[in-house]
Amino acid sequence: MPRPADTSDPLSALLRAASDVVTREELDKRLLASEKDGKPLRVKFGIDPTFTDIHVGHAVPIRMLRNFQEMGHLPVLILGDATARLGDPTGRNEQRPSLSKEEVEVNASTYLEQIGTILDLEEGKCEIRRNSEWFGEMDFFDGLRLASRATVARMLERDDFQKRMKDRLPIHLHELMYPVMQGWDSVQVEADIEIGGNDQLFNLHMGRLLQERAGQKPQICLTTHLLLGTDGQKMSKTCGNHIALRSSPEDVFGKVMSLSDEAMEAWFQLLTSQTEEETSAILSGHPRDAKDLLAREVTGWLHGEVEADAASRTFRKRFKDGDLPEEIAEARLPAGPQTLPGILKRAGLASSTSEARRWIEQGGVRLDGEVCKDVSLEVDLSLHPEGLLIQVGKRKVLRAFLKA
RNA sequence: GGGGAGAUACCGAAGUGGCCAAACGGGACGGACUGUAAAUCCGUUGGCUCCGCCUUCAGAGGUUCGAAUCCUCUUCUCCCCA
């Protein structure tokens, strides 16, 4: 189905980030029906609390959820506290260590806090469920009955299982159950729509299957394009190329600015509400200005516009004009003359004296603004009552004082 | 139950008795340049009291003047056959 030319209506704006819609006809039909009878659609989104932080990649489907919320539908947020303990096999070639109930609980509450910055979690505007609600009381045989609703052949159709078979990587038996569990969530909450990343398409389809078998109307599957990380690779916590929602404004801003120029378009598409026309207009201008705008938008919806503007100014001063940051960390060091590498290590800048030496030899260390390449320089902090300003590279700055 | 393959630095991956602190790629970091923490180029990437020394190649022993490399056992992983 071609996208309507007018992108100002909420649905097309929402679908900007969409990858698959199964199916568009059903979606239109159900939206229409909802409008008629005044019953909001139940839009499910599940997230497993396996870590403490969620990042802007997760924000893409959550923003979509918010769009639905603004259209008057009901987000059904599922905290996969049961599935988290199993671990989603998607895109992994190794098992995740299984988490304890306590760890999952801690993560779940931090997740809610973070999701709350995007979605209105107020009672009545959003339904929050934990899937331990239904999985918690199932016994082994209930589990087997659930397993009997799907077939191995069907399960093995899944891309990442196929890939792993081909690469001769292990597929653990319990991993086959993950899609079934996720699908069962849909049955339990009677979802009309489920949103997920496009690597979740298979799991979302499983929901349709199980719902049909349970005599429900199958949910519409709506997947989002995957947001690539700041380095252009798949965004993941382990790669360190993500931006956590809880990052400081400066951090968010800076990380967006470190995006490659090529990645900008996708970020605009997935994380801002600009229309395509606006986006391409912005991108035809100076890349730096485009990125500044992008960074301000992203920082803005996480921290507010005031903070975003401030972060932008700080960034400019810091990296364009080469100014020192407004707040400089301080370190108090013990008395007595010490070698420069020793100081760097003790101040916590370098993790080893060898690392410190390398920086110095490469001309990356400045003392009170002057590059110092002398590895064996003896520094006596008592000669610097105002503190010694130490800079390493462009980012690490610190003022060292004599310990009182 | 049987047979086979494997465990190397942050990650991926070479190395199969000395020239190995360990190729190469990614990442990260430093420098130059710039339009920014983009791109490109150069360099660095175990530790230390650093022109030398010390500890690394799953773990524990052993052979050897000398082992990541050979042998034994242990732990873990994968594949194939049944």
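The basis for the numbers below is simple: all heavy atoms, side chains too, and nothing from hydrogens, waters or symmetry mates. Numbers restart at 1 for each chain; the letters A, B, ... are given by sequence-line order, proteins then strands.
Both distances falling under 3.5 Å, in either a Watson-Crick or a G-U wobble arrangement, place B/rC65 opposite B/rG18. In this structure, B/rA13 forms no base pair with any nucleotide, since neither Watson-Crick nor G-U wobble geometry is met with both distances under 3.5 Å. Partner assigned to B/rC78 is B/rG4, using Watson-Crick or G-U wobble distances below 3.5 angstrom. With a 3.5 Å ceiling on both atom-pair distances, the Watson-Crick or G-U wobble partner of B/rU40 is B/rA32. Nucleotide B/rC48 has B/rG52 as its partner under the Watson-Crick or G-U criteria, with both atom distances under 3.5 Å.
Residue contacts shown for A/Ser354 include a base, since a base heavy atom lies under 4.0 Å away.
For the pair A/Glu35 and A/Arg30, the salt-bridge criterion is not met [side-chain N within less than 4.0 Å of a carboxylate O]. The pair A/Lys291-A/Asp261 meets the salt-bridge criterion, since a charged nitrogen lies less than 4.0 angstrom from a carboxylate oxygen. For A/Glu70 and A/Arg66, the salt-bridge test passes: some basic side-chain N is under 4.0 Å from an acidic carboxylate O. Note on A/Asp309 versus A/Arg313: no salt bridge recorded, every NZ/NE/NH1/NH2 to OD/OE distance being 4.0 Å or above. Ion pairing between a basic and an acidic side chain is recognised when a charged N comes within 4.0 Å of a carboxylate O; A/Glu127 and A/Arg129 show such pairing.
Across the C1' atoms, B/rG47 and B/rA38 are found 35 Å apart, a figure rounded to whole Å. The separation of B/rG17 from B/rG31, taken at their C1' atoms, amounts to 41 Å, rounded to a whole angstrom. Look at the C1' atom in both B/rA21 and B/rG15: the space between them is 14 Å, to the nearest Å. Taking atom C1' on both nucleotides, B/rA39 is separated from B/rU34 by 9 Å, rounded to a whole Å. Across the P atoms, B/rG27 and B/rG61 are found 39 Å apart, a figure rounded to whole Å. B/rG26 and B/rU16 have their P atoms separated by 24 Å, given to the nearest Å. B/rC79 sits 35 Å from B/rU64 when the C1' atoms are compared, rounded to a whole Å. Taking atom C1' in both B/rC81 and B/rA9, the straight-line distance is 37 Å, to the nearest Å.
Using modelled atom types and a 3.5 Å distance limit, the side chains of A/Asp48 and A/Tyr111 yield no donor-acceptor pair. Donor-acceptor pairing under 3.5 Å is recorded for the side chains of A/Glu194 and A/Ser186. Residues A/Gln182 and A/Gln200 have side chains that bring a donor and an acceptor to within less than 3.5 angstrom of each other.
Nearer to the 5' terminus of RNA chain B, by closest-nucleotide assignment, is the contact made by A/Glu355 (compared with the other of A/Glu355 and A/Glu361).
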> Can you give one letter per nucleotide of nucleotides 30-38 of chain B, going 5' to 3': B for a protein heavy atom under 4.0 Å from the base, S for sugar-phosphate only, - for none?
Replying inline: SS-B-BBBB
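One atom, CG of A/Asp374, and another, C1' of B/rC50, lie 14 Å apart when rounded to the nearest Å. Atoms CZ (A/Arg357) and C1' (B/rC29) sit 18 Å apart, rounded to a whole Å.
Phosphate contact (OP1/OP2 of B/rG47, side-chain N/O of A/Thr353, threshold under 4.0 Å): absent.
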